[in-house]
Amino acid sequence: MSLAKWTVGLMAGMSMLAFAAQANAGEVRVTVAEYSAKTGPYFDSVKKEFEAANPGITVKFEVVPWDVLLQKLTTDITAGTNADLSIIGTRWLIDFVQQGVAEPLDSYITPDFKGRFIDTFLSPSIMEGKTYGLPIAASARAMYYNKELFEKAGIANPPANWTELQEDARKIKALGSGTFGFGLQGKEIETDVYYYYAMWSYGTEILNKDGTSGLGTPGALEAAKLYKSMIDEGLTEPGVTSNNREDVQNLFKQGKVGMMITAPFLSNQIKDEAPNLKYGVAAIPAGPTGARGTYGVTDSIIMFKNSKNKDEAWKLLDFLFTKEQRAKFTQGEGFLPVNKEEAKMDYYVNNADLAAFTALLPDARFAPIIPGWEEVAQITSDAMQKIYLGGDPEAGLKDAAAKANAVLKK
Amino acid sequence: MQNRFLPYLLTLPSLLLAAVVIFWPVWDLIQISTHDVNRFGQLRELNDFANFSALAADPDFIAALWRTGQWTVLVVGGALLLSIPVAMILNTDFYGRGIARVIIMLPWAVSLTMTAVVWRWALSGESGMLNSALIGLGLIDHNIQWLASAETAFPMQVLIGILVTVPFTTTIFLGGLSSIPDDLYEAAALEGATPLQQFREITFPLLKPFINIAIVLNTIYVFNSFPIIWVMTQGGPANSTDILVTHLYKLAFRIGKLGEASAVSLVMFAILLVFTMIYVRLAMREQRA
């Protein structure tokens, strides 16, 4: 009989779950990504302040680790139990729009509200003339370098181009004692992006003008050869394909790596974990023609079409995008300001690290807005890993370009 | 009348439970895998098994299938070979046996994901414990990049798989060993049987049903085991340590091909079902003979 009891218990549990999933009137549920340990406390304080200012509306934040966010959203949407608002990677937005999951926000947006945003960051969330998301987080990439290692190796300035970077890496390698010139990421999220930095310098874009993959172009090959030659010469950390972004950042914090390319949040981490590290932030090295590119990323907060509390949800969005709230969030997480007024605050104007990032914004590329982008990124990462492990760059890229083109044609 | 229906009535609750937790998801998988489906699982039209034929044409899937076979055989086989002597030692009476048993069982108490995370740190090339230990012992003179390529990563994953499978297997064997009466050994010893002969003629044959159950259960667990490989390499670099579950996860939640992922899942289900049926048949026939 105990099984029957279990069955009854299970049924009861499931019906309670179903009940809990039903939104109460005036309740706004929001799925947010956990960017750092500061994300949860920030949204707790938002809840308190917003609910105090808006009696009758309750807010429920579900903080989800970034790695499982897409999986959670997929299962929630499939089951129809998604929240009212959610943070998503802007590169996923096209899928949400095409499947009719995201609600256009234009009927809520006043010209005054729109004027709060820096256009570069708002534009990736606009599709077919409609605004489907608001940039909650924005970031770009720049090159960090270890000033102490540079001094020891007798290097005055950060490298302006890849040739100089290779020379500097040689000098840092010559210091011995477990120091590596250039930190190269070869595992997990953004492995493909780390390759694009070099690829953009050689004038190749992710997509050619005709919409095919750029991986088949001579520029892409030059970039792959550049990284491979640096691995072969021992200018990178050993075991590139076992190091994800955090691993390389950790090596940098330990003072073992001379240069690496990553996001502004590394500055915050260094402040907390390695306050004595002397480092600088510089532009991403340029290619032979002077071309260069950085990766711009925004995450958007979207409203779901099936939300029952859209007006309340919009009130929360309006609150989240005030200058004070933006400043608190952005500075805590180490992102770039998306709000014009916020960007004029002393914190940003007097911050040399952030200035290096904002200076690169004119060269920023965002992930292309195409369905199947995640698959193309995966194909590129896989191809790079094969090349980093010793595979032939030409054959690897040709194969990857063919695979990517097959996806792009669909 | 009452006697004929009572057994069915008594199994009905568990059958209902099985229907909810097994048949319903499988039915759902069949639906998704035979339809054209968007990334949020909404079904469109039937697509003539295109999801299955896409798998057959995908070299990554074939490689993962083959690797899953290696992974399962090596981990289950290794765990069996290791667990029999461990269980026999733990079955003898010695000072501190209680502590020894606890130590063997400990890996079982730690979550698999946590074990894998700890090993990922330990195997880190520049700051990993294993490299510093090996250098300290003078066994190697430069850091080995354990997780950088499949040649070193996959064997390490198999070893960790064995390590975490041993406690469960040992528990089964300890139960089996304690069911063998001591007088059999006493009689054999009186007749002059060596320990090896005792093992071959008494322990092994009487342990066989327990070995069979250990093989079936472990095969099912290991075949479906996700955390070790996912945490350490995510099936990489370049899919070279992918097994079917990690391949499936990437298909479904990275790339958003829910249809193909469901097809992989059904293939896995079919393989396990066929394996279990054949194996149980063989094992039962042997026992009857």
Side-chain angles (χ1 to χ4, degrees), chain A residues 1-8 10-11 14 68 70-79 82 92 95-96 98-101 178 180 186-189 191 237-244 247 250-251 254 256 371-372 374-375 377-379 381-391 396 407, chain B residues 9-21 28 32 37-44 58-60 120-121 123-128 131 142-153 230 232-242 249-258 261:
Chain A
M1 271 325 271
S2 79
L3 266 177
K5 270 188 201 159
W6 275 102
T7 319
V8 172
L10 188 77
M11 293 299 182
M14 277 171 30
V68 296
L70 185 55
Q71 183 208 334
K72 181 189 157 55
L73 289 173
T74 308
T75 37
D76 281 359
I77 293 166
T78 309
N82 54 279
W92 308 335
D95 281 332
F96 285 70
Q98 284 187 342
Q99 307 301 340
V101 176
F180 315 113
K187 190 180 176 182
E188 295 171 11
I189 189 168
T191 298
E237 83 282 6
V240 166
T241 47
S242 65
N243 291 310
N244 66 13
D247 295 326
N250 285 336
L251 288 174
Q254 292 161 11
K256 290 180 177 174
E374 292 290 330
E375 193 172 2
Q378 183 77 45
I379 290 167
S381 290
D382 287 350
M384 285 310 121
Q385 288 186 323
K386 278 185 196 148
I387 293 170
Y388 297 162
L389 282 170
V407 175
Chain B
L9 202 66
L10 286 174
T11 49
L12 190 67
S14 43
L15 198 69
L16 274 179
L17 190 68
V20 172
V21 298
D28 227 25
I32 298 174
V37 62
N38 77 4
R39 78 167 302 143
F40 302 116
Q42 283 141 353
L43 299 182
R44 287 179 286 219
D58 179 3
D60 286 339
R120 179 177 169 152
W121 292 338
L123 292 175
S124 155
E126 293 311 306
S127 40
N131 275 341
H142 63 277
N143 286 333
I144 297 177
Q145 307 296 329
W146 295 102
L147 300 180
S149 71
E151 285 87 57
T152 46
W230 186 258
M232 291 173 68
T233 60
Q234 295 198 349
N239 305 321
S240 56
T241 58
D242 254 335
Y249 186 88
K250 282 192 234 178
L251 273 181
F253 298 115
R254 279 266 173 85
I255 301 178
K257 290 182 173 173
L258 290 186

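Chain A is the first sequence line, chain B the second, and so forth, proteins listed ahead of strands; every chain is numbered from 1.
Summarising the geometry, atom OG belonging to B/S127 is positioned 7.5 Å from atom CG belonging to A/D247; distances are rounded to the nearest 0.5 Å. To the nearest 0.5 Å, atom OG of residue B/S124 and atom CG of residue A/N250 are 8.5 Å apart. Distance check: B/F253 CZ to A/L70 CG gives 8.5 Å after rounding to the nearest 0.5 Å.
Evaluation of the side-chain contact (heavy atoms from CB on, under 4.5 Å) rule for A/S381 yields A/T191, A/D192 as partners, not counting sequence neighbours.
For a residue to count as touching a neighbouring chain, one of its non-hydrogen atoms must lie under 4.5 Å from one of that chain's; by this rule A/N244 touches chain B with the side chain only. Of the two parts of B/L123, neither the backbone nor the side chain holds a non-hydrogen atom closer than 4.5 Å to a non-hydrogen atom of chain A. Of the atoms belonging to A/E375, heavy atoms from both backbone and side chain fall under 4.5 Å from chain B. If you measure heavy-atom distances from A/N243 to chain B, you find no contacts under 4.5 Å at all. Proximity to chain B is limited to the side chain of A/V101, based on heavy atoms less than 4.5 angstrom apart. Heavy atoms of A/K187 lying under 4.5 Å from chain B belong exclusively to its side chain. Both the backbone and the side chain of A/F96 have a heavy atom closer than 4.5 Å to some heavy atom of chain B.
In this structure a side-chain-to-backbone donor-acceptor pair under 3.5 Å is present from A/T78 to B/F40.
A pairwise comparison of heavy atoms in B/R254 and A/E374 identifies O-CB, 3.3 Å as the closest pair. Minimum heavy-atom separation, A/T241 to B/S149: OG1-N, 4.4 Å. Scanning all heavy atoms of the two residues, the minimum distance from B/Q145 to A/S242 falls at OE1-OG, 4.0 Å. Of all non-hydrogen atoms in B/A148 and A/G239, the two that sit nearest each other are CB-CA, 3.7 Å. In terms of heavy atoms, B/A238 sits closest to A/K386 at CB-CG, 3.6 Å.
Looking only at heavy-atom pairs under 4.5 Å with chain B, the residue among A/Q99, A/Q378, A/Q98 that has the most is A/Q99. In terms of non-hydrogen atom pairs under 4.5 Å with chain A, the most contact-rich of B/R120, B/K257, B/M232, B/K250 is B/R120.
Inter-residue side-chain proximity for A/P238 and B/E126 is flagged as met; some heavy-atom pair is nearer than 4.5 Å. No side-chain heavy atom of B/N38 sits less than 4.5 Å from a side-chain heavy atom of A/D95.
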